[in-house]
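One structure is given below, encoded as structure tokens.
Side-chain atoms are counted along with the backbone in the values below, which use heavy atoms only and exclude waters and symmetry mates. Keep in mind that what you see is a predicted model, and the values were worked out from it rather than measured. Order of the sequence lines sets the chain letters (A, B, ...), proteins ahead of strands, with each chain counted from 1.
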Amino acid sequence: MSIQTLSTGRRAKDLTVRCLVYLAFAVAVIPLVSVIYLVIKNGMARFDFDFLYRSMKNIGPRDAGGGAYHAILGTLQQVGLASLMSVPIGILTAIYLVEYGGKGRLANAIRFFVDVMTGIPSVVAGLFILAFWVLFLDLNYSGFAGALALSVLMMPTVVRSAEEMLKLVPDDLREASYALGVPKWRTIVKVVLPTALTGIVTGVMLAVARVTGETAPLLLTVFFTDSINANPFTNAQMGLPLFVFDQAGRPNDTAIDRAWAGALTLILIVMLLNLVARLIAYWRSPARGR
Amino acid sequence: MAKQIQVSGLDAYYGAHKAIADISMTIEPRSVTAFIGPSGCGKSTFLRTLNRMHEVIPGARVEGKVMLDSDDLYGPGVDPVSVRRTIGMVFQRPNPFPTMSIYENVAAGLRLNGRISKSKTDEVVEQSLRGANLWNEVKDRLNKPGAGLSGGQQQRLCIARCIAVKPQVLLMDEPCSALDPISTLAIEDLITELKDEFTIVIVTHNMQQAARVSDRTAFFNLAAQGQPGRLVEMDETSAMFTNPSEKATEDYITGRFG
């Protein structure tokens, strides 16, 4: 067999596939760029000091001014509380699935229900908390009720991503640790979790980003308010998605501007959280060489 | 420090499959014992039964008796974790903890097993790295990640990590099979030094290596695929390689196998 030059046919195929791949990339990026462009362009009009530090209290339907402080505060509290509840439970569940449950019946049942939970529409999560918390337990609308609904949405995402990350940790490392006479629980805490940390953080951030923008469950659980309520455990709160939803539905330009600024704030919050999480993962990562 | 291991009538299973059958032998303290034999004959499985690492695999179990001096390793109520602290293990592929620095890797066994002072840790880390002939190469970069070392250095790091917890016995599962000849030589020299202090058992596919480093050699074989592996014979290494009493041993050692 002799060595041949690249045939024209293969060259043509290579070029075609190359073009298709670039095209697909461009198509995927267009909506992303256009959304960011629009939100920044329209959001900058009202993205000012007042917007970040004032609420909508005593702002009439046609008035300019007003802000989203109450909504930003609400979103941070609700998402924070939801993360506090769902991240530990989610990671512990993943640890059980990978390290203890194996292919057992209980583990498989948990996996099945986690998959089912992943597919729950967010409205249903909101309705569930509405029915359970507000109607059945007869407790009031509150930021915490919203956090409960959000954590129902977050948990399966956290479990699934953490499980995948823990599975990627090679068994070699577990065995190396056992062979040093380290008990299983310490091996998990000191060897397995740190090794999977970066991946778990990314998974948690995706879950946080997903629920930060949820509107429907909040609508049913935290209700609406125009004033600041710093206590997430009593009475109605506001959330940024609700704020955007509310303002965008009003028929005058000042409100529409506020809605755009709210959307911009929401994107910035998610980006900021992502950045912080990545920095944490980076500081803890061994590749940096310390 | 070093202790004798006495095995009698040991069988090991993976689920329903019997991997090794009826193994009895004595492993002498302060010496190197080599296990040789074809792939799949159960050398590694047997090695892993000696520090109760075999049962880490789901469905795996062991029958029979392993005595470390006067302690029955499979006796009722014996904590496998404490067995593994006493009998250390070095694996085929170097497996330093990727999230830890060189220093932390060596200190891992101590730190993960309880509180220990900084100065004591420093001392043990230096001692262990010197013991593994790695100190001079890494003393200026103890805080760099362990995974950044070369393969041979990583394996010596794993040996240092292992001897840092001061075990009585060192089990080595083909410790040089992933290494180049120079690193292999370094590890073999190290084994010869370590045998003053430890009882060493090494699994190897390399006949010359067994001849070079070991005092006694055990030959394992299986009658046919699917059959459990058995101990064919065990003797002084010099006798095994010059004048084995079994035909199968001679065939394997001279390469006229199968």
Side-chain angles (χ1 to χ4, degrees), chain A residues 91 95-108 111 162-163 165-202 277-290, chain B residues 47-48 50-59 79-114 141-148 154 157-158 161-167 170-173:
Chain A
I91 291 179
I95 288 176
Y96 172 77
L97 289 177
V98 177
E99 306 288 335
Y100 294 93
K103 292 194 169 65
R105 207 176 273 177
L106 178 61
N108 278 334
R111 274 192 202 100
E163 187 192 357
M165 288 307 134
L166 291 175
K167 269 201 254 174
L168 285 181
V169 176
D171 273 337
D172 283 10
L173 296 180
R174 297 189 179 90
E175 292 203 338
S177 178
Y178 296 153
L180 288 172
V182 180
K184 186 165 181 165
W185 70 271
R186 278 208 124 152
T187 301
I188 294 169
V189 175
K190 299 282 187 177
V191 176
V192 179
L193 281 180
T195 309
L197 181 78
T198 320
I200 293 177
V201 168
T202 308
R278 270 172 205 279
L279 278 178
I280 292 172
Y282 176 75
W283 281 322
R284 294 293 309 270
S285 93
R288 213 162 59 90
R290 271 176 288 207
Chain B
L47 193 76
R48 290 167 63 96
L50 296 181
N51 69 340
R52 298 195 61 169
M53 281 295 284
H54 178 63
E55 65 208 51
V56 168
I57 298 161
D79 180 7
V81 169
S82 78
V83 171
R84 291 177 205 138
R85 266 176 217 173
T86 319
I87 305 181
M89 189 160 202
V90 176
F91 297 83
Q92 183 169 0
R93 273 190 306 169
N95 52 5
F97 298 126
T99 53
M100 298 184 191
S101 67
I102 294 171
Y103 181 95
E104 288 167 328
N105 258 288
V106 181
L110 301 171
R111 285 193 177 159
L112 299 184
N113 282 328
R141 46 174 173 154
L142 290 175
N143 291 322
K144 294 270 186 286
Q154 285 188 21
L157 179 63
C158 292
R161 179 175 71 185
C162 187
I163 60 183
V165 293
K166 303 216 165 19
L170 266 185
L171 306 177
M172 299 184 166
D173 190 356

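Taking the side chain as every heavy atom from C-beta outward, A/T195 and B/F97 never approach each other to under 4.5 Å.
Taking every heavy atom of both residues into account, A/G181 and B/R85 meet most closely at O-NE, 2.8 Å. Contact between A/L180 and B/A108 at its shortest, heavy atoms only, is CD1-CB, 4.4 Å. Closest approach of A/K190 and B/M100 over heavy atoms only: O-CE, 3.9 Å. Shown here for A/A179 and B/M53, the closest heavy-atom pair between the two residues is N-SD, 4.0 Å. Contact record, B/F91 with A/A176: CE1-CA, 3.7 Å, taken as the closest heavy-atom pair.
Using a 4.5 Å cut-off between heavy atoms, B/I87 touches chain A through its backbone atoms (N, CA, C, O) alone. Residue contact with chain A, scored on non-hydrogen atoms closer than 4.5 Å, involves the backbone and the side chain of B/R161 alike. Contact annotation for A/S177: both backbone and side-chain heavy atoms come within less than 4.5 Å of a heavy atom of chain B. Heavy atoms closer than 4.5 Å to chain A are found nowhere in B/P80, neither backbone nor side chain.
Taking CZ from B/R84 and OH from A/Y178, the interatomic distance works out to 8.0 Å, rounded to the nearest 0.5 Å.
Between the side chain of B/N95 and the backbone N or O of A/D172 there is at least one donor-acceptor pair closer than 3.5 Å.
Within a 6.0 Å radius of CZ in B/R93, other residues, nucleotides and ligands contribute 12 heavy atoms or fewer.
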